Trainee: 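One structure coming up, written as structure tokens, with questions to follow.
For ligands, and for the atoms within them, numbers begin at 1 and follow the listed sequence. Being a predicted model, the structure only gives us computed values, none of them experimental.
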Amino acid sequence: MRDPKQIYEAKLKAVKASSTTPRSAVFNALLQSDHEPMTMAELTAAVKSVADRTSVYRTVELFESIGIITRLQIGWKYKLELSDDFHEHHHHITCTKCGATHATHDDHAFESEIEKLAAKHGYTLTNHYLEISGVCNNCLSTNK
Ligand SMILES: [Zn+2]
Ligand SMILES: [Zn+2]
Ligand SMILES: [Zn+2]
């Protein structure tokens with residue numbers, strides 16, 4: 001896989017945007033958090049030394065529109081992470097009680113079922129989104 005930094009810069013360049021300090025701080029925070037999607041509050045806190053709330057919001061908006069960030073809709077809330085261009089395709093299971101997020105990797109059987117489903121309807125699959133909600137083991141055992 002290519003260097004994430006290169007992908008990031010290419011995506012900005014494609015829309016004639018440059019990597020400002022707040023932008024690269026937001027990108028690096030998400031890159032470091034890797035498979036743990038961040039809430040807007042967590043992201044804002046992570047970069048607060050170089051970017052204020054408004055510029056974080058603006059940056060997230062830009063990143064979403066050019067495919068650097070994916071927004072995971074979890075009920076009425078959302079979390080942010082880098083798009084599939086930066087890491088292996090996966091889905092998330094989120095606990096509805098404590099908000100813990102678990103990433104699903106290498107579920108090839110499931111992925112090929114989705115491809116088959118699209119093919120059955122005459123489509124070649126290019127993308128899909130799926131978020132799974134449930135109650136995690138921790139919450140189950142403490143909440144009888
Ligand atoms: Zn993820
Ligand atoms: Zn939980
Ligand atoms: Zn998938």
Trainee: Short check: any N/O/S atom of Glu111 below 2.8 Å from the Zn ion (ligand 3)?
Mentor: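 Checking Glu111: at least one N, O or S atom is under 2.8 Å.
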Trainee: Tell me the angle that OE1 of Glu81 and NE2 of His92 form around the Zn ion (ligand 1), rounded to 10°.
Mentor: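 Nearest ten degrees: 110°.
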Trainee: Is the distance from the ring center of His89 to that of His128 below 6.0 Å?
Mentor: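 Yes - the distance between ring centres of His89 and His128 falls below the 6.0 Å cut-off.
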Trainee: If we ignore angles and hydrogens, is there a donor and acceptor under 3.5 Å between the side chains of Glu111 and His91?
Mentor: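 Yes, because at least one side-chain N or O of Glu111 sits under 3.5 Å from a partner of the opposite role on His91.
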Trainee: Which atom name would you report as the N, O or S atom of His91 nearest the Zn ion (ligand 3)?
Mentor: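 That would be atom NE2.
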Trainee: With a 4.5 Å limit on heavy-atom distance, are the side chains of Lys79 and His92 in contact?
Mentor: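 The answer is no; the side chains never approach within 4.5 Å.
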Trainee: With a cut-off of 2.8 Å, does His90 place any N/O/S atom under that distance from the Zn ion (ligand 3)?
Mentor: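 So His90 does not bind the Zn ion (ligand 3) by this criterion.
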Trainee: Distance-only, no hydrogens or angles: does the Gln73 side chain make a donor-acceptor pair with backbone N or O of Lys77 under 3.5 Å?
Mentor: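 Checking the backbone N and O of Lys77 against the side chain of Gln73, a donor-acceptor pair under 3.5 Å is found.
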